[in-house]
Amino acid sequence: MALVEVKVPDIGDISEVAVIELLVKPGDTVKAEQSLITVESDKASMEIPSSTAGVVKELKVKLGDKVSEGSVVLVVEAEGSGESDAPAPAAAPAAQAPSPAPAAQAEAPAPAGAPASAASGPVEVHVPDIGDFKDVAVIEVLVKPGDTVKVEQSLITVESDKASMEIPSSTAGVVKEVKVKLGDKVNIGDLLLILEGAAASASSAAPSPSAQTPAPAAAAQTPASASAAQAPAPSPGAGEGRGEGQSAKGEASAAPHDPTKPPIGLPYASPSVRKFARELGVPLEEVKGSGIKGRITQEDIQGFTKAVMAGSTRTKAQGAAAPAAGGVTGGGELGLIPWPKVDFAKFGPIERKEMSRIKKISGANLLRNAVMIPAVTNHDDADITDLEAFRVSTNKENEKSGVKVTMLAFLIKACVSALKKFPEFNSSLDGDALIYKNFWHIGFAADTPNGLMVPVVKNADQKGVLQISQEMGDLAKKARDGKLSPADMSGATFTISSLGGIGGRYFTPIINAPEVAILGVCRSTTEPVWDGKQFQPRLMLPLSLTWDHRVIDGAAAARFNAYLGQILSDFRRVLL
Ligand code: CAO
């Protein structure tokens, strides 16, 4: 098997572009031309394809790295075992290389019908030279008849399977007729629209023929604010964003997008992710990106879709049509004042560190759950004196088995019993209905170096305390090693968050939607408890039950806690 280095091919006039997505990992089998990474300049994003089929042995780049033509992306064990038929990476065919704005294009001749330098009559606006792109699909039409457009204002967004870009106007004027529609395939020179009262601002600044020529690369090196003699460039971002004011409605007041600035308006996403979102009908602008600079990844689209399907998120269109599950509309409608922006460096030295991916994802979920669930917490205490004695003796007896029983395993079993007695605690909201689940999968919060994770003990009702302890130990280890699979973390019907091993008295855990309740447990302490005649030293376990007030009321929560306390004080009740 020959190891082949796959390098960044000729990507036109672009160097030092940031890696914003890794699309493969070691062990993956890749085909020739399969996209390996997505890179992004301030003009466009594009996927870098593999020149070779094989198995990925090593990734040579990481998120945020800057790459240029010739940079090694990864090492592939080439199919065909290193024989000479394995294409050498350096020979990556240019055709595979997305090159949205090759430098050579800067001097490209004006496309047929390039705008007149100054005109008041109708002027045709054509697709400028867009490099290697042929038959690219129109994915957005950003103006309509009657709109006033400025020079360099984006008119349409086009997309190939490797990159997307906005096509700017070479001329200012009022749109008389748009000659393309969504889904059309366009090429250099194709007629885009007809402008009236057009007067190319280029004319006043530089009457040279090249100045009137839409030349992507030339302008790509020049801020939009520079002289209009610079021909307009296909602007950034590959359709990732529109300049402020450059709305799809094409308001007359629209300011041309400044390509030196990150696009505002539409979100960042690679062409394949945008395509994926379109296929699923996901409104990209409503998806929160978890990638670099808030870039939307395929996982974000999948997560958004799952959340919409589960009823925990609504698209704006859905929000306008009907109330969300449980009658709450989107969090974006809270009308809150903006988050305070403080320059902390003014007050002392600071250090900025990116949060872990897990923290970002769990943070977004926690925020939604905290904001959208009318949650209340009931605190109570359970007498676990006898249970603790039983646990200690069980552990002594089982010393050799290697399985250590902790209080949490008993709590899981006790909670199953309480959930069976109070089934609404084991339910989920579905619009105006409740889904009662006839299975008891208990999630438990596990503290890991990367953040909080919630593995799930499935079918806890069918398992003994020893088996639950064993499974919990395995799952907690997997969590700490970062090896939990999505299946390990899904399906919970109720969650327990135990801080008993750490300390504290009571806390208010946040419900793990779409569940409707969560039990928080803190450290047990020996306390004097009045038995009617005298104070007895009893081991008391603090319980904090948070519940969704749309589903559960305070009386039910108090009963749940009381029942749980009874079981924990005399575990034989589990058998009843
Ligand atoms: N009272 C007193 N002692 C307790 C206790 C309690 N309620 N619960 C556990 N302990 C003791 C255990 O008996 C053990 O003592 P020994 O080492 O002397 O035997 C010690 O605390 C450590 O227990 P543990 O934490 O390893 O085991 P666990 O089964 O209680 O918990 C796990 C496992 C994975 C849940 C835990 O390690 C963890 O990650 N807890 C943090 C959960 C968390 O972060 N919740 C907050 C979520 S909101 O941000």
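We use all heavy atoms of the structure for the numbers below, so side chains are in, but hydrogens, waters and symmetry mates are not. As the structure lists them, so they are numbered: ligands from 1, and atoms in each ligand from 1. Index from 1, following the sequence.
- For atom 45 (N) of ligand 1, the nearest non-hydrogen atom of the protein is S497 OG, 2.9 Å.
- The heavy atom nearest to atom 32 (C) of ligand 1, out of those in G473, A445, S469, P509, is found in A445.
- The protein does not reach atom 26 (O) of ligand 1 closely, with no heavy atom under 4.0 angstrom from it.
- Only the side chain of R391 comes within contact range of ligand 1, with a heavy atom under 4.0 Å; no backbone atom does.
- Side-chain contact between F444 and T495 is absent, with no heavy-atom pair separated by less than 4.5 Å.
- Of all atoms in ligand 1, numbered sequentially from 1 with element shown, those under 4.0 Å from a heavy atom of K404 are 16 (P), 17 (O), 19 (O).
- Closest to atom 33 (C) of ligand 1, if we only count protein heavy atoms, is L408 CD2, 4.2 Å.
- A 4.5 Å side-chain heavy-atom check between F560 and Y563 finds every atom pair outside the cut-off.
- For atom 18 (O) of ligand 1, the nearest protein heavy atom is 4.0 Å or more away.
- I442 is listed as a side-chain neighbour of V416, based on a closest heavy-atom distance under 4.5 Å.
- Protein heavy atoms are found less than 4.0 angstrom from atom 5 (C) of ligand 1.
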Run L74 and V61 through side-chain contact (heavy atoms from CB on, under 4.5 Å) and show every step you take.
CA-CA 7 Å; L74 45 77; V61 291; over 6 Å; no
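- Taking CD of E397 as the start and OG1 of T394 as the end, the distance is 5.5 Å to the nearest 0.5 Å.
- When N426, V457, N459 are each tested for a side chain to side chain contact (heavy atoms under 4.5 Å, CB included) with H441, only one passes: N459.
- Of all atoms in ligand 1, numbered sequentially from 1 with element shown, those under 4.0 Å from a heavy atom of L499 are 43 (C), 44 (O), 45 (N), 46 (C).
- For the side chain to side chain contact (heavy atoms under 4.5 Å, CB included) criterion with L539, the lone passing option out of T525, D386, T526 is T526.
- With a 4.5 Å cut-off on side-chain heavy atoms, R391 and L387 do not count as touching.
- If you check which protein heavy atom lies closest to atom 29 (O) of ligand 1, you get T406 OG1, 2.5 Å.
- Regarding atom 49 (O) of ligand 1, its nearest protein heavy-atom neighbour is L452 CD2, 4.0 Å.
- Contact annotation: the side chain of M540 approaches that of D383 to within less than 4.5 Å [non-hydrogen atoms, C-beta and beyond].
- Backbone and side-chain nitrogen or oxygen atoms of S524 are examined, and one is located within less than 3.5 angstrom of a nitrogen or oxygen of ligand 1.
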May I have the step-by-step check of side-chain contact (heavy atoms from CB on, under 4.5 Å) for V516 and W547, ending in yes or no?
CA-CA 6 Å; V516 294; W547 40 277; over 6 Å; no
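- Set against the non-hydrogen atoms of A446, the atoms of ligand 1 under 4.0 Å away are 39 (O).
- In terms of protein heavy atoms, atom 34 (C) of ligand 1 is closest to A476 CB, 3.9 Å.
- Heavy-atom proximity to M472, at under 4.0 Å, picks out these atoms of ligand 1: 29 (O).
- Using 4.0 Å as the threshold, G520 has no heavy atom nearer than that to any atom of ligand 1.
- Close approach to S498 involves these atoms of ligand 1, each under 4.0 Å from a residue heavy atom: 40 (N), 41 (C), 42 (C).
- Nearest protein heavy-atom neighbour of atom 23 (O) of ligand 1: G501 CA, 4.2 Å.
- Of all protein heavy atoms, the one closest to atom 37 (O) of ligand 1 is R480 NH1, 4.5 Å.
- Contacts of A479 with ligand 1, taken as heavy-atom pairs under 4.0 Å, are absent altogether.
- Interface of L541 with ligand 1, defined as ligand atoms under 4.0 Å from a residue heavy atom, comprises 7 (N).
- Considering only non-hydrogen protein atoms, atom 3 (N) of ligand 1 sits nearest to G500 O, 3.5 Å.
- Taking a distance limit of 4.0 Å, we find that atom 21 (O) of ligand 1 is approached by some protein heavy atom.
- Side-chain atoms of L411 and L541, non-hydrogen and from C-beta on, do get closer than 4.5 Å to each other.
- M453 and T448 get closest at one heavy-atom pair: CG-CG2, 3.7 Å.
- Between C522 and ligand 1, a contact under 3.5 Å exists for at least one N or O pair.
- At a heavy-atom cutoff of 4.0 Å, ligand 1 is contacted by no atom of T448, backbone or side chain.
- For the pair V39/E21, no side-chain contact is recorded, criterion being any heavy-atom separation below 4.5 Å from C-beta on.
- The backbone and the side chain of D447 each have at least one atom closer than 4.0 Å to an atom of ligand 1 (non-hydrogen atoms only).
- Side-chain rings of F390 and F571 stay apart, their centers remaining 6.0 Å or farther from each other.
- For the residue pair S362 / N365, no side-chain donor-acceptor distance below 3.5 Å is found, with atom types taken as modelled.
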